[in-house]
Asker: 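Right, I'll just put the structure down here and ask away after.
What you see below is based on every heavy atom in this structure, not just the backbone, and it leaves out hydrogens, waters and symmetry mates. Quick caveat: nothing in here was measured; it's all calculated off a predicted structure. Per chain, numbering begins at 1; letters A, B, ... match sequence-line order.
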Number of protein chains: 2
Amino acid sequence: MAETDTKTPRERYRTQVRAEIKEHAWEQIATTGASALSLNAIAKQMGMSGPALYRYYDGRDALITELIRDAYRSLADTLRSASAAGADLAVLAHTLRAWALEDPQRYLLIYGTPVPGYHAPDEITLISSETMAMLLDACMALPSDSPVTPFDAHLADHRDWADGHPAPPAVLHGALRFWTRLHGVLSLELAGHFTGMGFDPALLFAAELDDLLAH
Amino acid sequence: MAETDTKTPRERYRTQVRAEIKEHAWEQIATTGASALSLNAIAKQMGMSGPALYRYYDGRDALITELIRDAYRSLADTLRSASAAGADLAVLAHTLRAWALEDPQRYLLIYGTPVPGYHAPDEITLISSETMAMLLDACMALPSDSPVTPFDAHLADHRDWADGHPAPPAVLHGALRFWTRLHGVLSLELAGHFTGMGFDPALLFAAELDDLLAH
DNA sequence: ATGCTTACGTTAGAGGTTATAACTAAACCA
DNA sequence: TGGTTTAGTTATAACCTCTAACGTAAGCAT
């Protein structure tokens, strides 16, 4: 007697179909990329005709919005559970990389080139700030013996994005360094810019992580 | 006078129309992004009907390929002329940033999320390796007092991408650091992930650059 | 159990896209 | 001036998103 019993049969069917649509959407995104997502093709795969999907999603943008939201949530959940298991910054970084490699297009959907016509609703900014908060938490453990840089001073006055987090400017800077450097390596790897270069991207990622932790 | 006289009138007209098509394509890409590029819309803007464009480009992919090639070439030219003018790594980095901000979609066309079905022709790999060579040249001036890392050792055995460049492993590593870190900040900025966060992306870029040069 | 209501899925269609085929017209060139 | 080449045209096929109108069937209440 799960809580699904509290819902009406129609509601259960509805959420089930919505889930199945998203499943096909992810499958399609993983192969053809996000900007080539086709509602029509999904409908055909599910054995029903195009316009039927509009009962479940207002349109292509609504579906993409939900996929982005799910991607953010999946990343937040993954990082949070790792963090709850006592992961430090290094483990967290490798958790991020594993999550990204598990489904490259899912990472690129969030952090890659934005989908042309698409505009993120406010709700998504909220979820992404949750991830940011976890990053800030983890960065509190960073060594803080480095001198105060001009950018640190700037951050002291521009810390709205920390959303009340008590991290000092040096930690804010550290979090941004963490984010941008790992993203730099990851995004180029996922976009295929390292293929054919011969070296192992995992080692470059590890090297950047070492630099970050030794700072 | 110019070499255009050696060409027949038809050839001159042809290259002129091809150039005009690309002009409209860039204009359209700058506003709507690359994956939303519409041959039809370009034709309409030029006052002719859709299929006419297929006289000049084999299709959408062919046009995008040429745009990517031009973008690579524009970046290489910009960096080369800066380098020829005696620019050091710091100036080169800011040249890169200025080039990217001048037309964000042009940067993202090269280094952003790749178009799913698209495969870069060999010619493009050549131009991009030219840029890489310039980066390596510039990185030769990097201080090399840092200890040899495990990744440096790995690079000593996997340096095919340097394509005969005499840079030692530490410089190869430095070049990769340069590339990935600047791209990390730049791509997130261009994709709009810093908007609403309040801090100045230019200062973060400068801070990363300082870290790189002080290494 | 039977009727009412609601929601599902269908077809039809408007307007967009890429791309091909067939045809006209004009420009070039010998 | 006549023949060849090429530009641009329409028509068409096959996709796409999305709206509208319509039957049908499932759920719910009386």
Asker: Could you state the atom-to-atom distance from CD1 of A:Ile42 to C1' of D:dC18 in whole Å?
Answerer: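 Taking CD1 of A:Ile42 and C1' of D:dC18, I get 15 Å after rounding.
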Asker: Specify the residue among A:Ser38 and B:Ser49 whose closest nucleotide of DNA chain D lies further upstream toward the 5′ end.
Answerer: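 Comparing both residues, the 5'-ward one is B:Ser49.
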Asker: Assign A:Leu37 to base, sugar-phosphate, or nothing according to its heavy-atom contacts below 4.0 angstrom with the strands shown.
Answerer: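 Sugar-phosphate, backbone atoms only, no base.
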Asker: Could you check whether A:Leu53 gets within reach of a base, just the sugar-phosphate, or nothing at all, counting any heavy atom under 4.0 Å?
Answerer: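 It contacts nothing in the nucleic acid.
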Asker: When only distance counts, do a donor and an acceptor, one from the side chain of B:Arg10 and one from the base of C:dA27, lie under 3.5 Å apart?
Answerer: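 It does, because a donor-acceptor pair links the side chain of B:Arg10 to the base of C:dA27 below 3.5 Å.
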Asker: Can you identify which nucleotide, out of C:dT10, C:dT17, D:dA7, has its nearest atom closest to the B:Lys44 side chain?
Answerer: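 Closest nucleotide among those given: C:dT17.
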Asker: Quick check for you: among C:dT10, D:dT17, C:dT20, whose closest atom lies nearest to any side-chain atom of B:Tyr54?
Answerer: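 Among the listed nucleotides, the one closest to the side chain of B:Tyr54 is C:dT20.
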Asker: Think B:Arg97 forms a cation-pi with B:Phe205, using NZ or CZ under 6.0 Å from the six-ring centre and within 45 degrees of its axis?
Answerer: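 Positive - B:Arg97 is close enough to the ring of B:Phe205 and near enough to its axis.
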Asker: Does the side chain of B:Trp99 pick up a donor-acceptor pair with the side chain of B:Ser74 at under 3.5 Å?
Answerer: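 Side-chain D/A pair, B:Trp99 to B:Ser74: present.
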Asker: Have a look at B:Tyr57 and say if it touches a base, only the backbone sugar-phosphate, or nothing, with a 4.0 Å heavy-atom cut-off.
Answerer: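 It contacts nothing in the nucleic acid.
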Asker: Between D:dC16, C:dC8, C:dT17, which one does the side chain of A:Tyr13 approach most closely?
Answerer: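 My answer, after comparing the listed nucleotides, is C:dC8.
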Asker: Measuring from the side chain of B:Arg55 (C-beta onward, heavy atoms only), which nucleotide among C:dG9, C:dT18, C:dC23 has the closest atom?
Answerer: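 The closest nucleotide is C:dC23.
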Asker: Which listed nucleotide (D:dC16, C:dA12, C:dA19) is nearest to the side chain of B:Pro51?
Answerer: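 Nucleotide nearest to B:Pro51's side chain: C:dA19.
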Asker: Could B:Arg159 and A:Phe199 be counted as a cation-pi pair, given that NZ or CZ must be under 6.0 Å from the ring centre and within 45° of the axis?
Answerer: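 No cation-pi geometry.
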Asker: B:Asp61 CG to C:dA19 P: how many Å, rounded?
Answerer: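 Result: 7 Å.
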